[in-house]
Number of protein chains: 4
Amino acid sequence: MRILFLGDIVGRTGRDAVCAAVPTLRRDLDLDFVIACGENAAHGFGLSPKLCDQILGAGVDLITLGNHAWDQRDIIPYIGTQPRLLRPANFPPGTPGQGAALLTDGRGRRLLVVQVMGRLFMDPLDDPFAVVLREIAAAPLGGPPGRGADAILIDMHAEATSEKMAIAHHLDGQVSAVIGTHTHVPTADAQILPGGTAYQSDAGMCGDYDSVIGMVKQPATQRFVRKMPTDRLTPADGPATVCGVVVETDDASGLARSVTPVRLGGRLEATG
Amino acid sequence: MRILFLGDIVGRTGRDAVCAAVPTLRRDLDLDFVIACGENAAHGFGLSPKLCDQILGAGVDLITLGNHAWDQRDIIPYIGTQPRLLRPANFPPGTPGQGAALLTDGRGRRLLVVQVMGRLFMDPLDDPFAVVLREIAAAPLGGPPGRGADAILIDMHAEATSEKMAIAHHLDGQVSAVIGTHTHVPTADAQILPGGTAYQSDAGMCGDYDSVIGMVKQPATQRFVRKMPTDRLTPADGPATVCGVVVETDDASGLARSVTPVRLGGRLEATG
Amino acid sequence: MRILFLGDIVGRTGRDAVCAAVPTLRRDLDLDFVIACGENAAHGFGLSPKLCDQILGAGVDLITLGNHAWDQRDIIPYIGTQPRLLRPANFPPGTPGQGAALLTDGRGRRLLVVQVMGRLFMDPLDDPFAVVLREIAAAPLGGPPGRGADAILIDMHAEATSEKMAIAHHLDGQVSAVIGTHTHVPTADAQILPGGTAYQSDAGMCGDYDSVIGMVKQPATQRFVRKMPTDRLTPADGPATVCGVVVETDDASGLARSVTPVRLGGRLEATG
Amino acid sequence: MRILFLGDIVGRTGRDAVCAAVPTLRRDLDLDFVIACGENAAHGFGLSPKLCDQILGAGVDLITLGNHAWDQRDIIPYIGTQPRLLRPANFPPGTPGQGAALLTDGRGRRLLVVQVMGRLFMDPLDDPFAVVLREIAAAPLGGPPGRGADAILIDMHAEATSEKMAIAHHLDGQVSAVIGTHTHVPTADAQILPGGTAYQSDAGMCGDYDSVIGMVKQPATQRFVRKMPTDRLTPADGPATVCGVVVETDDASGLARSVTPVRLGGRLEATG
Ligand SMILES: [Fe+2]
Ligand SMILES: [Fe+2]
Ligand SMILES: [Fe+2]
Ligand SMILES: [Fe+2]
Ligand SMILES: [Fe+2]
Ligand SMILES: [Fe+2]
Ligand SMILES: [Fe+2]
Ligand SMILES: [Fe+2]
């Protein structure tokens with residue numbers, strides 16, 4: 001199975017670049033599934049139902065969120081109606097929406113996607129190390145037909161590289177891939193861990209890299225320098241780099257055969 | 001001028017890989033200067049005088065430290081005697097050692113190196129955005145002969161990508177390069193900013209990537225899972241990947257001509 | 001029922017003062033139960049089995065811990081054998097020891113004590129707001145005879161006043177008292193909340209207040225000033241102030257009739 | 001000299017209680033100066049010029065702010081015109097307004113007031129331990145006539161009790177008093193330190209204590225429980241407790257003769 005996972009889509013430039021690239025990438029990279037983190041798609045803060053539909057309509061199979069999940073309030077009543085939209089699974093019980101979803105391709109192969117959020121330097125949610133095990137137990141790799149998953153992708157939305165690497169080792173051999181999001185910078189540490197799980201600390205954002213993590217650089221920089229309120233941060237609108245990772249899994253074991261960064265357009269050096 | 005900057009050296013495997021690689025890299029990459037962050041060289045925690053001498057002896061011109069600067073106590077009396085060793089410049093006045101150094105190559109060209117430490121998700125030191133401007137004012141690019149610098153390299157030892165990108169834009173056009181350290185993961189966002197400053201969010205560690213940021217993975221992972229004390233963390237000792245960035249500067253302007261990641265050995269995909 | 005709750009015991013001076021005061025206080029204040037937080041009893045860091053026995057032997061009925069629970073490693077195998085010692089209930093499942101205990105007095109009245117730890121500015125544990133509800137559900141106020149509790153005391157070991165006040169309102173009417181620990185400073189906000197629950201943001205430490213939260217002031221202050229390692233922090237050893245709160249509950253409802261601060265000895269102004 | 005320092009005024013109920021109480025307190029307590037922290041006066045968030053004028057008009061001599069200094073944007077152009085309004089002195093150079101002020105009473109006695117903000121669990125500003133020394137050097141106790149101060153009051157706006165106690169010891173003997181603000185809970189640790197400086201970890205808020213640090217309790221509590229956005233927090237509007245500290249200083253030495261908590265009205269037990 002070939003899965004493309006795209007990092008945090010930031011603002012209009014990020015959305016436009018993703019929507020333009022996905023149809024081509026699906027074909028050129030022979031993709032079975034495309035997943036993207038959309039927590040910054042709506043002018044940098046959250047995701048609206050309308051933008052969710054637009055991104056799904058462009059060929060993304062599933063969107064994940066993150067700490068910005070609820071920045072757009074109209075996503076709250078919407079998320080329960082949209083099976084292709086996830087928020088972190090370790091929000092407290094009773095939180096609207098879901099943290100895991102099973103996707104099925106045309107050949108009946110099942111991909112389980114789970115998003116969890118880290119806690120180091122972030123809001124304290126339920127334990128992601130425990131929650132992720134519960135979520136994958138519902139459809140484990142190698143489970144009985146119709147009950148297990150053929151591949152499992154974990155979106156670890158977290159700040160600290162230590163927590164990301166730790167959860168990857170925690171899951172190594174039990175999932176196809178652990179890919180990080182949230183820092184808005186792609187890392188160059190793609191590898192297959194000893195147990196067979198693909199890993200990259202961060203997928204990187206889909207947005208304008210002449211910025212401060214996707215936002216217009218002048219006010220974002222002034223916040224560090226002056227410690228005064230600035231204008232509301234808005235997304236930088238230069239050409240976006242589409243950033244992500246392609247994971248190829250073995251259909252028998254569900255483990256990773258390869259993990260390959262993808263960077264396309266904008267200021268960063270393109271891959272392959 | 002061609003400068004190699006290597007990220008945090010972690011433990012024996014990191015030291016050995018760096019010491020073995022530097023002579024070759026100096027020649028093959030036609031380097032004028034080699035700088036490395038050594039804050040984790042001593043069994044993961046700090047740097048001892050002996051290891052400092054060993055790394056400098058292997059062909060590194062200057063070592064920077066970071067938040068682990070003082071983990072080995074005997075570095076405290078030593079640092080004032082070693083002009084080729086830096087700690088973050090934004091420690092309070094009166095802190096032993098120095099935060100900036102001017103290096104001169106055989107042709108008389110001067111490289112100013114400054115290390116500052118970020119404050120987001122880290123210990124609150126003096127303002128790195130202000131301190132770094134003071135330090136580069138002492139030897140600015142384009143300064144009068146004998147008073148200015150021909151190139152300036154900033155080691156931004158920080159956790160948050162936002163703070164790293166912000167300080168790079170803050171300095172864009174005034175320094176040759178801003179390269180991040182501390183997260184122990186190389187980023188894939190090398191670029192030359194609009195003003196001519198080379199940037200990469202993190203150089204990545206020189207250490208074993210089958211680990212949690214360089215440390216043996218089992219206890220480091222258990223700390224997240226169990227919230228109990230574990231054995232003291234020790235460096236993983238598998239083959240290290242030497243990670244860094246080569247910056248080529250224009251001798252006239254001091255600005256960057258190119259910025260190129262370097263990854264060599266170990267588990268990560270090698271560059272070029 | 002009359003319950004004395006004493007805040008964090010710090011070092012020898014705190015232990016000695018508590019052990020000397022408790023027998024007298026039991027009699028003079030007509031106490032049914034005495035509870036104390038012992039997380040700093042062992043030279044400021046944790047609690048050893050021997051000191052646990054000493055404090056219990058002096059007339060304390062139950063000891064709670066906190067973020068310093070495991071600083072003395074020999075408490076780890078011991079805690080499971082000592083029913084009168086609690087660690088925070090919201091440590092992950094599988095953590096040694098227990099987070100709640102039922103005490104019975106000579107007249108058969110049952111006091112449930114629960115300790116939970118806050119997460120704001122602290123290590124992210126399981127959700128204290130959810131865990132505390134589970135713990136009190138096991139022996140609720142007004143429960144059937146032999147299944148409920150006659151009084152419930154919550155030790156909220158937390159940094160932030162907002163989180164402490166929030167959990168008190170969360171539990172108001174369901175427990176007899178919510179008393180905070182951890183900041184090592186007594187607060188002057190004792191009150192009975194509208195639903196009948198007694199509250200004080202922090203009980204204060206039992207230790208020497210000519211100090212930095214109980215520790216010798218010179219090195220503790222230097223850590224803020226110099227940002228360098230100092231000698232290991234040790235407890236200040238001047239006369240201790242015993243700090244706590246007396247809660248009187250109604251035996252029928254289990255709710256609070258009164259909440260009264262206690263301060264005795266040392267530098268702070270004594271109560272009543 | 002007799003100085004009343006009042007903690008964070010929260011919302012209308014806090015303002016009204018302070019404005020009503022100050023004239024009486026000035027007379028009954030024979031006060032020379034009244035200082036108050038006003039950072040939450042404007043509906044819980046910041047201070048407007050109009051409310052600043054109202055509070056000063058009621059007999060407060062000087063208002064301090066804190067981390068909420070700029071929540072009301074129209075205070076930014078105003079602060080430079082109002083010598084009786086302080087923001088933390090350790091904001092970066094170039095910040096509008098001032099962090100210290102000299103007040104003179106009818107008898108020509110001079111009181112220096114300085115506000116600094118802590119950094120532990122707060123935004124990283126300039127070093128308060130260094131900045132406060134610079135500010136008091138401008139008008140030291142025992143300085144030459146017309147150059148020194150007859151009393152010095154420090155408002156330490158900070159979260160952590162450790163940082164508050166540390167800065168008090170750092171200044172002990174050099175200032176008349178160090179009184180904390182920001183936690184919105186009065187502490188019961190008033191004392192005169194060995195060097196002669198009065199200290200209390202927190203003055204407490206002037207606001208409604210049937211609340212979460214002054215804000216309506218239901219949404220403030222839900223933020224901890226649900227991890228979802230709630231309605232904007234608004235101040236609780238029940239009767240306020242006016243909370244503060246009276247410091248009496250020796251006119252010869254400038255050091256403290258006494259430090260006495262004041263609590264008046266509302267839910268908390270009244271003093272004296
Ligand atoms: Fe995020
Ligand atoms: Fe994001
Ligand atoms: Fe570091
Ligand atoms: Fe490091
Ligand atoms: Fe504690
Ligand atoms: Fe404690
Ligand atoms: Fe504040
Ligand atoms: Fe406040």
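First the proteins, then the strands, lettered A, B, ... as listed; each starts at 1.
The candidate from A:P186, A:A130, A:A168 with the greatest count of non-hydrogen atom pairs under 4.5 Å with chain B is A:P186. Ranked by heavy-atom pairs under 4.5 Å with chain B, the list A:P194, A:G204, A:P261, A:A220 is led by A:P194.
No side-chain heavy atom of B:L120 sits under 4.5 Å from any side-chain heavy atom of A:F121.
For A:V185, the part lying near chain B is the side chain, with the backbone staying farther off; criterion is any non-hydrogen pair under 4.5 Å. In this structure, chain A has heavy atoms under 4.5 Å from both the backbone and the side chain of B:A160.
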Let me see the donor-acceptor pairs closer than 3.5 Å between chain A and chain B, or none if nothing turns up.
from: A:T161; atom 1: OG1; to: B:T183; atom 2: O; distance (Å): 2.8
from: A:H169; atom 1: NE2; to: B:S211; atom 2: O; distance (Å): 2.9
from: A:T183; atom 1: O; to: B:T161; atom 2: OG1; distance (Å): 2.8
from: A:P186; atom 1: O; to: B:A188; atom 2: N; distance (Å): 2.7
from: A:A188; atom 1: N; to: B:P186; atom 2: O; distance (Å): 2.7
from: A:Q191; atom 1: OE1; to: B:R267; atom 2: NE; distance (Å): 2.6
from: A:Q191; atom 1: OE1; to: B:R267; atom 2: NH2; distance (Å): 3.4
from: A:Q191; atom 1: NE2; to: B:Y209; atom 2: O; distance (Å): 3.1
from: A:I192; atom 1: O; to: B:R267; atom 2: NH2; distance (Å): 2.7
from: A:Y209; atom 1: O; to: B:Q191; atom 2: NE2; distance (Å): 3.1
from: A:S211; atom 1: O; to: B:H169; atom 2: NE2; distance (Å): 2.9
from: A:R267; atom 1: NE; to: B:Q191; atom 2: OE1; distance (Å): 2.6
from: A:R267; atom 1: NH2; to: B:Q191; atom 2: OE1; distance (Å): 3.3
from: A:R267; atom 1: NH2; to: B:I192; atom 2: O; distance (Å): 2.7

